[in-house]
Every structure is written in structure tokens, then in C-alpha cells.
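Structure first, then comments.
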Amino acid sequence: MTIDKQLSPKLSEQSLVQTSINPAVGRGYAHSKIILMGEHSVVYDFPAIALPFNKAKIEAIVTPSLSDHHILSSDYYHGVLVNAPEALANIIRAVTLTLESFKLPNLPLHISIQSTIPVGRGMGSSAAVVVAIVRAICDFYTFNISDYQLHFIVNQAEVIAHESTSGIDTLMASSSSPIIYRKSKQPVPFEFNVDAYLIVADSGQEGQTKEAVSKVRLLKEDKPSFVHNVMRSIGEFVLQAHEAIQNNDRIELGRLMTYNHYYLNQLEVSNTRLDRIVNAAWIAGALGAKLTGGGLGGCVIALAEDLESAQQIELAMRDAGAVQTWSMFLNGKD
Ligand code: MEV
């Protein structure tokens, strides 16, 4: 499999000899993502809304390896890339695919990762690390990778990470704008200008996307019409939320987020810890709150009408067990 190639190596055989004096460096970045509404039902071709979330991000730095092997250096693992644990199989695959697909020289690389995206919290850390690494390798070889090529590689690499996906996580890792997404259709980017704050709270409990997706599949096999109706309702909430966003209607958006959480509960992907954080946000004055991502742990999001309210809600979510919170103003115009 070869994809269009526009290679102009920054690092030729000649320059490799000089690297001990002035090593070539490739850098790649990626951000986390938040599913605002529609997780799980999106796997069954109902719509979902997702946002890039720049408060948590990742940087990959590629330099020549001092050994004969590709080396990965991260908080989670440091050592020869091919010996990395199974959980990092997506990275091994992404590196191999990038080098082979674009016919890049297979020089031993040192790949170092710095990340503020918590792992396993439904914020897309798995796809983001792959995006950052692929971008860093391409930067190292001054290869101009297109969005389509990047998305292709990440999708191939991430097949390993999740059993059955809608593709929204991999898409969002490289998308710089909010999107409304359906599996069977082209994603539609849109402007998200709502006068409200989005709070993201890490429950401190690792989410289990793969288990949650299988759980929903089993529930669907067991109670097909119940699950179909729940998902159809979530799909309608998502479309109404899209309209509310376009009308800058934060009250309606918050209401729909809360309904979405209630319906995710019906799909049995919430748990007492997440519900406790959601409830704390409501009590502290959130316009809406829900789990985000796969559930069974991971993160909760809440909508606040202003900064003061956002700060109170963040405190309440921490009191209810959240270990970390971030907040972001949603009106990019300001
Ligand atoms: C996980 O971030 C979102 C899910 O809907 C799974 C997927 O869409 O692939 C639970």
C-alpha cells in the first residue's frame, strides 16, 4: 500500500553523519477531543457532536536513535519500540505504516512523547498519540502529509485499540474544528459559538470504551427495540443540540446534554462515580451535565452560564470525586 509521496528528506545519509553535532528534529502535535453528545449511538450510525479540546494535548519529538532500533520514550514506557507492551500496539503499527506507506527511509528513530491528556478517560489519548507521532515522523523527513493520509494511517493503527468504533475518535484527533458526525456520511465541520463554559472533569477512574461498546452491543442483542428507541432519541437530541448551538441557546443545549446523560444511563454505560459528579454539577448550577466518551469511568462534562458559575461547578465536581478539571469558553469569536 503506497500513498502519494512528496518526500524531500530533511535527513539524508549525509546529514545523518552530522547529527551528533546538530541533530535533525521532527515535531508533531495533537489535541484531545470531547464528545459533546451522541456517544455510543454514533457506533450505530446516529449523529454525534464532537469538539477538539486544546487544554489537554500531546507533543511527539523525533530525533535519530543512538541505537540500531526505534526507541520510544514516554511516561508509560521507555525502550525498544517493537518490545513495547500490547497496549501500545497502535503506535508500533502507526510507525511502520507511516514509514512504509510513504516510502520514508527506515532509519532508527528516537520518539519521545510529552502528554497532558489523561489516558483512558474518553479524551482520545490513544488516537492523539498516533496523530502526534505520525506528524513528527513526517516533519522529521519534511514529508507533507495531507489530512486524508493522516486520517487513513490513524484509522489503520487504531483498529487494534478498539473492537468496534464509529471512527469519531480518530477523526477528532486530527480535526481542528467541531464536527457533527454520522458514520455513513461525510463529517460536517461547524462553528461553535455559544456564550457558555464547558467544564471537563476527570473522574479519576479509567474509562473502558471497549467494554462499554461490547456491553451496549449485548444489550442491543437482548432488547433490540428498547435500545433502538433510546438511540433514536439520542440522535434527535443531537440534532436539536446542533440547532441550539447555531442559535447560541445555552439553556436548551444544557437541557439536551442532561437528557443525553439520562439516556446513556439507560444504555448502562454510566456508573455511581460518574452519576455522583454529574449530580454535583447540576446541584452547583450547571445548565447541563453528562458523561463523555465510552463511559464506565472516564470524564464528565458540564455546561456553565458564566465564569463564576463554572468555577463553582468545578469545585463541586472535585468535591464529588473528580481528580482534575479543565474549563473552556465556547464562544471562539471572543
Ligand atoms: C468513544 O469515545 C465513543 C464511542 O461512541 C465509541 C465510538 O464512537 O467509536 C463510545
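Counting starts at 1 for both ligands and their atoms, following the listed order. One-based numbering along the sequence shown.
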Exercise. Answer yes or no: is there a side-chain heavy-atom contact under 4.5 Å between Ile145 and Thr98?
Key: no
Quiz item: Which pairs, with at least one residue in residues 282-304 and sequence neighbours excluded, count as a salt bridge (Lys or Arg N to Asp or Glu O under 4.0 Å)?
Solution: Glu39-Lys290
Self-check item: Inter- and intrachain pairs under ring pair (Phe, Tyr, Trp, His ring centres under 6.0 Å), touching residues 67-87, at least two apart
Solution: none
Quiz prompt | Note, Glu221 side chain near Leu218 side chain (heavy atom, < 4.5 Å) | solution = yes
Quiz item: Tell me the salt bridge (Lys or Arg N to Asp or Glu O under 4.0 Å) pairs involving residues 255-270, sequence neighbours left out?
Solution: Glu252-Arg255
Quiz prompt | Residues Asp169, Lys33: salt bridge by 4.0 Å N-O rule | solution = yes
Would you mind listing each N/O atom of ligand 1 next to any protein N/O under 3.5 Å, plus the distance?
residue, atom, partner, partner atom, Å
ligand 1, 2 (O), Lys33, NZ, 3.3
ligand 1, 2 (O), Asp169, OD1, 3.0
ligand 1, 2 (O), Asp169, OD2, 3.1
ligand 1, 5 (O), His40, N, 2.9
ligand 1, 8 (O), Ser166, OG, 2.5
ligand 1, 9 (O), Ser166, N, 2.8
ligand 1, 9 (O), Ser166, OG, 3.4

